[in-house]
Amino acid sequence: MVLSQDGTLWVAESSLAAIAQIAPSGKVTQHPLPRDGGFAPRPSDLVPSPDGGIWYAAGDQLGHLSRPGKFTWWGDGGEVGNGPGAGPDVPGFPDALTLGPDDTVWYEHSAAGDNSSAVWT
């Protein structure tokens with residue numbers, strides 16, 4: 001769960017494969033995550049983005065959800081466990097998101113026996 005600068009609360013709903021957006025007025029909007037093969041998109045990590053939306057990691061997908069509810073995402077290309085930042089011999093998934101000082105999204109690429117960092121802008 002994270003709070004945007006405008007007072008919007010974003011909640012990762014892992015069991016529903018969705019992200020809830022709770023406006024300062026109390027209005028709740030649920031955003032089911034897109035799916036393209038691979039692991040189920042169960043959001044686990046949220047980071048507010050400067051545009052009022054959020055960046056998220058979910059299964060083997062990394063994405064951005066805008067305040068109006070538009071998704072931009074990068075998945076595994078249909079190969080289970082081969083999310084953004086993975087190589088042909090290193091399956092895994094993105095997690096541990098953070099923003100750098102220039103608002104670049106950094107994340108850890110988790111895989112069995114491997115922890116490496118990658119960047120996505």
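Looking at residues two or more places apart in sequence or on another chain, you find a side-chain hydrogen bond (donor to acceptor under 3.5 Å, both in side chains) between H31 and Q21. In this structure, D102 has no salt bridge (charged side-chain N to carboxylate O under 4.0 Å, His left out) partners at least two apart in sequence or on a different chain. By the side-chain hydrogen bond (donor to acceptor under 3.5 Å, both in side chains) test, S49 pairs with D51, H64, sequence neighbours left out.
Nearest heavy-atom pair, P43 versus A17, reported as atom, atom and distance to 0.1 Å: CD-CA, 4.1 Å. Closest of all the heavy-atom pairs between P94 and Q61 is CG-O, 3.7 Å.
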* **Intermediate values then yes/no, side chain to side chain contact (heavy atoms under 4.5 Å, CB included), V2 and I54** => CA-CA 9 Å; V2 297; I54 57 157; 4.2 Å; yes
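The distance from the CG atom of L9 to the CE atom of M1 is 6.0 Å, given to the nearest 0.5 Å. Separation of atoms OH (Y56) and CH2 (W73) is listed at 7.0 Å; rounding is to 0.5 Å. Taking CG of L16 as the start and CZ of R42 as the end, the distance is 9.0 Å to the nearest 0.5 Å. If you take CG on L46 and CG on L3, they are separated by 12.0 Å, rounding to the nearest 0.5 Å. Distance CZ/F71 to CG/L33: 4.5 Å, rounded to 0.5 Å. In this structure, D45 CG and L97 CG are separated by 4.0 Å, a value rounded to the nearest 0.5 Å.
Looking at V105 and L99, their side chains come closer than 4.5 Å, going by heavy atoms from C-beta outward. With contacts defined as side-chain heavy-atom distances shorter than 4.5 Å, the pair I22/T29 does not qualify. Proximity of S4 to W10: side-chain heavy atoms (C-beta onward) are separated by under 4.5 Å at one or more points.
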